[in-house]
S.K.: 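My questions will all concern the structure given below.
Atoms within a ligand are numbered from 1 in the order they appear, just like the ligands themselves. Side chains are part of it too, since the values below use all heavy atoms of this structure and drop only hydrogens, waters and symmetry mates. The chain is numbered in sequence order, starting from 1.
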Amino acid sequence: MTLTASAGRAADILSRPVSINGLKVANRIAMAPMTRQFSPGGVPGEDVVSYYARRAAAGVGLIVTEGTYVDHASAGDSDRIPRFHGEEQLAGWARVAEAVRAAGGAILPQLWHIGMVRAPGRPPFADAVPVGPSGLRVDGTEGEGRAMTRQDLDDVIGAFARAAADAERIGFHGVELHGAHGYLIDQFLWSRTNRRTDAYGGDPVARTRFAAEVVAAVREAVSPTFPVVLRYSQWKMNAYDERLADTPEQLEAILTPLSEAGVDAFHASTRRYWDPAFDGSDLNLAGWTKKLTGKPVITVGSVGLNEEFTGSFQGRGSSVRGIEDLLDRLERDEFDLVAVGRALLQDPEWAAKVLSGRFTDLSPYDAESLKSLS
Ligand SMILES: Cc1cc2nc3c(=O)[nH]c(=O)nc-3n(C[C@H](O)[C@H](O)[C@H](O)COP(=O)(O)O)c2cc1C
């Protein structure tokens, strides 16, 4: 593949607007959600405001923020990850949304509950007991935590709904629910971590019930045109080859109730967008998601880079990769938007460079870029 797409072709394909429910996104470039841990006390400050605004000003059509904890004491395990509840925290987020809007972008907070990934005793609420569908950690072992009771289910569903209502109230353009990577919502979807024998466990439809109830409660809490995006994945943190679904039929059993509950767009998280999701077809997971649900879909995974993202936590970088094959897939309407992670960490101007055909100005990814919020 040539490294440089023709300037005009990239602009033609990526510059087309796209709608997600009532939101018109200016182009096809999204920023992938990336936890940065630069929000002491869970409050996003002015450095976080300018970090996102800079990327919107440089042409990113849709920003998905780093994961931000919903209002449930067990939702997180860091005091430097922003929270989406509390007066000061929401005031910080309102400034983020306002700055991105002023720069011409659209922005969704990624609403997050980590479930049994939480280690006991960790901040921001040290006494909070880790909870999950069955009290199991992502590796399937018994964790120090417990299976969620009816009350826990209601509390967490309510917390997601409140966060979504707050997002609309303080100026965000929609919300993304973090249903991926082995965190709480995904712990329900996945048979290894969900061993429940009540209505929330068992076959794929039952395992999807919790996620669908979260979606329905969120949908109910916001205006009908306010976009609700759901991110999901096959892979789990520390279990990268695990899968929710082995066949398109199994995937359909999970996606259909979510779609019917009110998801406006799916964000299919993969590590390489060029990997086929199932044997016998070139479609990636986003492509299958669009085919099975008919909803707009965001793809992600190593856009503009040769190496996938997990190495970046061990300090590994990546060389630049051409995007011709990505443009081919977009042109075929395999998916609707393209989320960019590390390339946008490395270079706030990535979208502007790609949209104006300055491909030779793109730099390789250096994991040093994780160390600051530039
Ligand atoms: C530093 C870092 C933090 C991340 N944090 C999140 C997160 O909070 N929520 C999430 O859904 N994915 C998270 N991811 C995954 C990214 O959204 C994205 O899917 C992944 O980096 C692949 O995209 P890329 O190859 O363009 O970097 C994170 C990735 C990185 C590198």
S.K.: So for atom CG, which belongs to D361, do other residues, nucleotides or ligands contribute more than 12 heavy atoms lying within a distance under 6.0 Å?
M.R.: yes
S.K.: Inspect the surroundings of CD in E331 and state if more than 12 heavy atoms from other residues, nucleotides or ligands are less than 6.0 Å away.
M.R.: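 It does: E331 CD has more than 12 such atoms within range.
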S.K.: May I ask you to check whether over 12 heavy atoms, not counting those of D241, lie within 6.0 Å of atom CG?
M.R.: no
S.K.: May I ask you to identify, for L305, whether its side chain, its backbone, both or neither come under 4.0 Å of ligand 1 on a heavy-atom basis?
M.R.: neither
S.K.: G67 versus ligand 1: do any nitrogen or oxygen atoms come within less than 3.5 Å of each other?
M.R.: yes
S.K.: E66 versus ligand 1: do any nitrogen or oxygen atoms come within less than 3.5 Å of each other?
M.R.: no
S.K.: Under 3.5 Å between any N/O of W112 and any N/O of ligand 1: does that happen in this structure?
M.R.: no
S.K.: So, 4.0 Å and heavy atoms of Q110: is ligand 1 close enough to count as a contact?
M.R.: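 Q110: in contact with ligand 1 (<4.0 Å).
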S.K.: Between W288 and F278, what is the ring plane arrangement, given parallel below 30°, perpendicular above 60°, and tilted in between?
M.R.: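 Aromatic pair W288/F278 classed perpendicular.
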S.K.: Just to confirm my output: which protein heavy-atom neighbour is closest to atom 12 (N) of ligand 1, and how far is it?
M.R.: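 Among all protein heavy atoms, the one nearest atom 12 (N) of ligand 1 is R231 NH1, 2.9 Å.
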S.K.: Which of these passes side-chain hydrogen bond (donor to acceptor under 3.5 Å, both in side chains) with N284: T270, T289, T299, D275?
M.R.: T299
S.K.: Can a donor-acceptor pair be found between the side chains of S369 and D366 at a distance below 3.5 Å?
M.R.: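 Distance-only check fails for S369 and D366.
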S.K.: For the side chain of K295 and the backbone of S259, is there at least one donor-acceptor N/O pair under 3.5 Å apart?
M.R.: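 Such a contact is found between K295 side chain and S259 backbone.
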S.K.: Picking from R118, Q37, R122, R83, what satisfies side-chain hydrogen bond (donor to acceptor under 3.5 Å, both in side chains) with S78?
M.R.: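 With S78 as partner, R118, Q37, R122, R83 yield a single side-chain hydrogen bond (donor to acceptor under 3.5 Å, both in side chains), made by Q37.
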S.K.: Can you find an N or O of G341 that's nearer than 3.5 Å to an N or O of ligand 1?
M.R.: yes
S.K.: Counting heavy atoms only, which of R342, H267, M237 is nearest atom 27 (O) of ligand 1?
M.R.: R342
S.K.: Where on H178 is there a heavy atom closer than 4.0 Å to ligand 1, on the side chain, on the backbone, on both, or on neither?
M.R.: side chain
S.K.: Is a donor from one side chain sitting under 3.5 angstrom from an acceptor on the other, for Y240 and E308?
M.R.: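 Looking only at side-chain atoms, E308 and Y240 do not form any donor-acceptor pair under 3.5 Å.
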S.K.: Give yes or no for whether the N/O distance cutoff of 3.5 Å, strictly under, is met between T35 and ligand 1.
M.R.: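 Looking only at distances, the answer is yes, because the N/O contact criterion of under 3.5 Å is met.
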S.K.: Identify the protein heavy atom lying closest to atom 23 (O) of ligand 1, giving its residue, its atom name and the separation to 0.1 Å.
M.R.: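 For this ligand atom, the closest protein heavy atom is V300 CG2, 3.7 Å.
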S.K.: Just checking E87: does its CD atom have more than 12 heavy atoms from other residues, nucleotides or ligands closer to it than 6.0 angstrom?
M.R.: no
S.K.: May I ask you to identify the nearest protein heavy atom to atom 22 (C) of ligand 1, giving residue, atom name and distance to one decimal place in Å?
M.R.: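 Looking only at protein heavy atoms, the one closest to atom 22 (C) of ligand 1 is F309 CD2, 3.8 Å.
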S.K.: Considering only non-hydrogen protein atoms, determine which one is nearest to atom 1 (C) of ligand 1 and report residue, atom name and distance to 0.1 Å.
M.R.: L370 CD2, 3.4 Å
S.K.: Ring centres under 6.0 Å, that's the criterion: do F172 and F84 meet it?
M.R.: yes
S.K.: Looking only at distances, can you tell me whether any N or O atom of R271, backbone or side chain, sits closer than 3.5 Å to an N or O atom of ligand 1?
M.R.: no
S.K.: I want to know if ligand 1 touches P33 in the polar sense, i.e. an N/O pair below 3.5 angstrom.
M.R.: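 Yes, there is a polar N/O contact under 3.5 Å.
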S.K.: Any nitrogen or oxygen of T270, side chain or backbone, less than 3.5 Å from one on ligand 1?
M.R.: no
S.K.: For atom 2 (C) of ligand 1, which protein heavy atom lies nearest, and how many Å away is it?
M.R.: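 Its nearest protein heavy-atom neighbour is F313 CZ, 3.7 Å.
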